[in-house]
Amino acid sequence: MNVMGIIFANDGEIGELTNKRTTASVPFGGRYRQVDFHLANLTAAGVRHIGIISRHNYQSLMHHIGSGEEWGLELGEGGLEFLTPYSMSTTDNYRGKLETLYSAMDFLEFGPQDDYVIMTGSAIQSNMDMKKLLEAHVASGKDITVVTKAGIANGAKQLDLAVKLDAKGEIADMAVDYVAPEGYLASMDIFVLSKDWLIKQVKECVAHNLYHMDRDLVLGLWQKGQASVNVYQFTGVAMYNESVEEYFANSLALIDSEVYHNVFGGHHTIYTKVRDRVPSYYGEECEIDNCVVSDGCMLDGEVKNSVLFRQVTICAGAEVENCVIMNDSVVGEGAKLKNVILDKNVTVAPGAKLIGTKNNPIIIKRGESV
Amino acid sequence: MYFQKKRAIAMLLAGGQGSRLKVLTEKTAKPAVPFGGKYRIIDFPLSNCVNSGIDTVGILTQYQPLELNEYIGNGQPWGLNKTHSCAQVLPPYERHDKKSGWYKGTANAIYQNIDFIERFDPEYVVILSGDHIYKMDYAAMIDYHEKNNASCTIAVRTVPIEEASRFGILNTNPDNTIYEFEEKPKQPKSTNASMGIYVFNWSVLKDALINDEEDPDSSNDFGKNIIPTLLNAGHKMMAYNFDGYWKDVGTIDSLWEANMELLGKEPEFNIRGDERSKIYARNNALPSSYIDAKAKTANCFIAEGTEVYGTVKHSIISVGCSVGEGALVEDSVVMPGVVIESGAIVRHAILGENSKVCKNAVVGGAYGPTDKKKKISVTSKGAVVEANTVLLPGDML
């Protein structure tokens, strides 16, 4: 049973963090990019043929993934393929995933050995056993499996695709772009389908001017009775990073022993690009409480309840609380930061004061000095 | 198969037992001993090679090679897996002419791999060992060797005169040519100690190795045989002065010291350095560390994948360890995968890979800064210090 993987790198936006990068290459969890979680989920299930569909801003993503050797994907055949607009048959004007898939038809049709396709977005992070998922899909005998998570629908968050099950576990309702009340299951933007069926449906949809994956393929075909849908409920931690607020809250949620172990110590190891930084140095006077800390940091100040990426410097007398600080950023002496996201390579001047709120953290853009 | 001609290749002697590291090298060759939180000793010479533009390294293994072989693998972490680069593990093998078997000495190990070296037709061969912690640009040494038109160049460093009789001492003329080599002299004439790093013209070394093998009385050793013989034959031999950090980590005490010398605001050995002198290591793919609210950390290195709930002071905590609530780790080297349970106290110790200190156990003792002789307690790979027990200062388990 061979499976190919497709990762959509551009879907969703996380405010300023995706101004110059794809959703897939947004740094998350101290040393990772979001795409690492998806590559790990797929490769741990034995998927060795993965396409990454990226429409724009993909330079940082390509730099991160390179030949894919960190994930064991630097293979002669199959392996990893970047599907960028220029490598596909048409231009950048895709209205939805179905058109994107249509223009990546060469990739889909190549490799007749693949029986199934697992498609995933890149905004929702998890450590998922996709072998189990695939087995569940095959056992269901349905056309599409939609992976869902309970407890996300809250009557306030708009869900791309929401499903409600009745007492017998049958689908009672399905809705797209819907502010679903509690009790609905939220799609994790992960689908399993047979490859032949997917190719057929993509061609059909595009021929009829339909392009929206959730609305036209899943909901549309289900409503018309042309597709049977299996709902798979994921029970582990699922982090929906679909806005700055969610990204910030989820980053800080990792600083909880239980969540940390579920995401990082779960089903499989998460690989990322190796940077060969030295271990982090904790200075004589530093005060580090409740933090996730990556390699290469120099810590002399006070840091509470924060996530530090690689090679971060916190100078003496600095106070950092509830912050996400990305690679190579420096917090100067005596600076005070609360509820702040520093993108990569930011310099905070000595004595500077940045105070955001939990729901509205201050974001300092990559490379800036404040 | 096509082999590109190389200006220089390196041969890394990694077969020694390292018996003075006692329980730490019972099941592991010395070059594979963990160092500095995420490295192994061999990462230093290997990374130096890569940073010096040497892309072909033969690694001679003999003693307990399993872990070392596994670690080196295809050489990918050091970028030595490309079309024209390699990290080739060279274990002893059986030859058609029976001139083979276990490596009898350092020179014999190279002799048995003449065929490997010949494939690259190198001008120069750099001989290295896997026993030392240092950063060095071998390319500068090769340039020096070439400029001086020497047959052999030996890296030297100045040691205190009272320690000189522990080393191979090179006596030199004012122009740095060597006129005499003395192995561990009782009455040293100079303080130029050999660092065991040699650059040879391959043609000269090859002849010397073949001749040395013919001599039944030779112990087939570079220091004892090859160097004195070449000197007596009138070859031009140069000393190359190196004054950077260099540490032989062949004993428990020196291994502990070298780890401690990474610490501090201005450490004796700054392992960070710049991009061009970066030390590469095989990566463990572990998540970022987790530092709990109850944790206290001061003057320490903590590598990735480690969880700290207790107190860590003046110590190296390697990848994938955990320090439990209320535990204290002070002045210690904690190797990868070690578990220190709650309430345990670890001081002046080296805890071997995957060893475990159970609840409320005590390992090692406290010393003041003026205490000269600190006895280091050591746990071997996978050892378990049972709950509520004591491992005395200087004891090994």
Side-chain angles (χ1 to χ4, degrees), chain A residues 28-32 36 40 67 69-72 74 127 254-261 263-266 268-300 303-312 316, chain B residues 35-39 43 47 50 74 76-79 81 259 262-265 267 269-273 275 278-309 312-322 336:
Chain A
F28 185 68
R31 62 199 295 274
Y32 306 99
D36 295 338
S67 66
E69 70 176 355
E70 317 290 2
W71 300 269
E74 79 291 16
N127 189 332
L254 288 170
I255 322 169
D256 171 277
S257 196
E258 209 174 301
V259 177
Y260 176 93
H261 284 115
V263 175
F264 299 122
H268 52 256
T269 304
I270 299 158
Y271 293 90
T272 190
K273 189 180 173 73
V274 172
R275 301 237 74 130
D276 289 292
R277 301 293 181 216
V278 301
S280 281
Y281 177 68
Y282 295 68
E284 194 72 64
E285 305 295 332
C286 78
E287 181 75 49
I288 312 297
D289 285 342
N290 216 28
C291 288
V292 167
V293 182
S294 313
D295 264 3
C297 296
M298 287 282 263
L299 310 173
D300 288 301
V303 189
K304 269 187 198 159
N305 204 40
S306 297
V307 176
L308 305 184
F309 284 70
R310 287 158 164 172
Q311 200 105 325
V312 165
Chain B
F35 182 83
K38 62 175 285 195
Y39 307 97
D43 288 327
S47 301
V50 173
N74 66 350
Q76 184 266 338
W78 305 272
N81 61 333
N259 273 287
L262 299 172
L263 297 173
K265 212 59 217 138
F269 181 43
N270 186 356
I271 200 170
R272 288 175 170 265
E275 283 291 307
K278 195 147 116 176
I279 304 300
Y280 299 88
R282 188 167 283 281
N283 193 273
N284 295 280
L286 292 167
S288 308
S289 309
Y290 177 77
I291 312 294
D292 191 73
K294 291 180 282 291
K296 294 247 177 306
T297 49
N299 193 19
C300 53
F301 259 18
I302 299 176
E304 288 189 314
T306 283
E307 297 176 45
V308 182
Y309 301 87
V312 181
K313 284 183 190 169
H314 193 242
S315 293
I316 306 281
I317 312 289
S318 304
V319 292
C321 295
S322 69

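Lettering of chains follows the sequences in order, A, B, ..., and the numbering in each one begins at 1.
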Next item on the list: Would you check if the side chain of Lys278(B) reaches a backbone N or O of Arg277(A) as a donor-acceptor pair within less than 3.5 Å?
Entry: no
Quick check: does any side chain N or O of Arg31(A) sit under 3.5 Å from a backbone N or O of Leu286(B), one acting as donor and the other as acceptor?
yes
Top of [options] for chain B proximity - count of heavy-atom pairs under 4.5 angstrom:
options: Leu308(A), Leu254(A), Val278(A); result: Val278(A)
options: Lys304(A), Met298(A), Glu70(A); result: Met298(A)
options: Gly296(A), Cys291(A), Cys297(A); result: Cys291(A)

_Apply side-chain contact (heavy atoms from CB on, under 4.5 Å) to residues Tyr280(B) and Val274(A) and explain how you reach the verdict._
CA-CA 10 Å; Tyr280(B) 299 88; Val274(A) 172; over 6 Å; no
Of the backbone (N, CA, C, O) and the side chain (C-beta and beyond), which part of [X] lies under 4.5 Å from a heavy atom of chain A, both, or neither?
X: Ile317(B); value: neither
X: Ile316(B); value: neither
X: Asn81(B); value: side chain

By a 4.5 Å heavy-atom criterion (distance strictly below it), what part of [X] contacts chain B: side chain, backbone, both, or neither?
X: Tyr32(A); answer: side chain
X: Ser280(A); answer: both
X: Ile270(A); answer: backbone
X: Glu69(A); answer: side chain

Taking all heavy atoms of [X] and all of [Y], pick out the closest pair and write down the distance.
X: Gly29(A); Y: Ser288(B); result: O-OG, 3.7 Å
X: Ile291(B); Y: Tyr282(A); result: CD1-OH, 3.4 Å
X: Tyr290(B); Y: Ser257(A); result: OH-N, 3.6 Å
X: Asp295(A); Y: Glu304(B); result: OD1-CG, 2.8 Å
X: Cys286(A); Y: Thr297(B); result: SG-O, 3.3 Å
X: Gly37(B); Y: Pro279(A); result: CA-CG, 4.2 Å

Does [X] reach the side chain of [Y], with side-chain heavy atoms less than 4.5 Å apart?
X: Lys313(B); Y: Glu284(A); answer: no
X: Lys265(B); Y: Asp300(A); answer: yes
X: Tyr260(A); Y: Pro287(B); answer: yes

Working to the nearest 0.5 angstrom, can you tell me the gap between [X] [atom1] and [Y] [atom2]?
X: Gln311(A); Y: Arg272(B); atom1: CD; atom2: CZ; value: 6.0 Å
X: Cys300(B); Y: Leu299(A); atom1: SG; atom2: CG; value: 9.0 Å
X: Asp292(B); Y: Asp256(A); atom1: CG; atom2: CG; value: 10.0 Å
X: Asp276(A); Y: Lys38(B); atom1: CG; atom2: NZ; value: 5.5 Å

| query | More than 12 heavy atoms of other residues, nucleotides or ligands under 6.0 Å from OH of Tyr271(A): is that the case? | reply | no
- Task: Establish, from distance only, whether the side-chain atoms of Tyr281(A) and Asn299(B) form a donor-acceptor pair under 3.5 Å.
- Result: yes
Interface check, chain A: of His314(B), Gln76(B), Lys296(B), most non-hydrogen pairs under 4.5 Å belong to Gln76(B)
